[in-house]
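So the structure is just underneath, and the comments pick up after that.
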Amino acid sequence: MEEQRNRPRHRVMKPGKIGFKGSGIECLVCNVSQSGAAIEIKGTICIPESFNLIIDSERINKNCRVVWRKYQRLGVTFI
């Protein structure tokens, strides 16, 4: 499989939060780079195409856009 990312991602496995419309959903941030991240959610929660990704331990709060979905995992790019 050909690599499609333009920046290397680093495995972090840290708790995060998906924020949108005044609410927040807990998630697990699996890996992150300067340009995006892969996150995991529990259940079949409907996540919008754009949201804020918050990782308190890394002091990260980024606007994101979903670029792929696979069951309970999402790949996002920072916008």
Side-chain angles (χ1 to χ4, degrees):
M1 178 175 244
E2 185 178 330
E3 178 64 54
Q4 295 183 0
R5 295 182 193 122
N6 59 359
R7 307 261 171 129
R9 291 202 178 170
H10 304 282
R11 186 177 165 121
V12 292
M13 304 305 279
K14 295 193 176 198
K17 188 179 287 186
I18 296 169
F20 60 96
K21 292 186 180 180
S23 66
I25 297 170
E26 301 295 321
C27 66
L28 177 66
V29 181
C30 301
N31 60 51
V32 68
S33 74
Q34 289 180 329
S35 60
I39 59 178
E40 201 168 280
I41 57 171
K42 290 184 180 180
T44 56
I45 300 165
C46 185
I47 304 295
E49 289 299 311
S50 297
F51 56 85
N52 281 3
L53 177 61
I54 302 146
I55 310 170
D56 287 330
S57 64
E58 299 287 320
R59 295 187 175 126
I60 292 174
N61 185 341
K62 299 272 192 176
N63 291 323
C64 301
R65 181 176 45 83
V66 176
V67 292
W68 58 263
R69 296 174 187 258
K70 189 181 283 187
Y71 186 54
Q72 295 179 331
R73 273 187 96 135
L74 303 171
V76 299
T77 187
F78 299 142
I79 51 176

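Residues take their numbers from the sequence shown, with the count starting at 1.
- Applying side-chain contact (heavy atoms from CB on, under 4.5 Å) to V12 and the options L28, V29, I60 leaves one that passes, V29.
- Counting all heavy atoms, side chain and backbone alike, W68 lies closest to A38 at CZ2-CB, 4.4 Å.
- At least one donor-acceptor pair closer than 3.5 Å links the side chain of T77 to the backbone N or O of S35.
- Distance check: K62 NZ to I55 CD1 gives 9.5 Å after rounding to the nearest 0.5 Å.
- The distance from atom SG of C64 to atom CD1 of I79, rounded to the nearest 0.5 Å, is 7.5 Å.
- Here the side chains of I47 and R69 are in contact, with some heavy-atom distance below 4.5 Å.
- Nearest approach of F51 to G19, heavy atoms of both residues: CB-O, 3.4 Å.
- Residues I41 and I18 share a closest heavy-atom pair of CG2-CD1, 3.6 Å.
- In plain terms, the two heavy atoms of L53 and A37 that are nearest each other are CD2-CB, 4.1 Å.
- No side-chain heavy atom of F78 sits less than 4.5 Å from a side-chain heavy atom of Q34.
- You'll find the side chain of C30 reaches within 4.5 Å of the side chain of M13, heavy atoms only.
- Between E26 atom CD and I54 atom CD1 the span is 9.5 Å, to the nearest 0.5 Å.
- When every heavy atom of R73 is checked against every heavy atom of N31, the shortest pair comes out as NH2-ND2, 4.4 Å.
- Separation of atoms CD1 (I39) and NZ (K17) is listed at 13.5 Å; rounding is to 0.5 Å.
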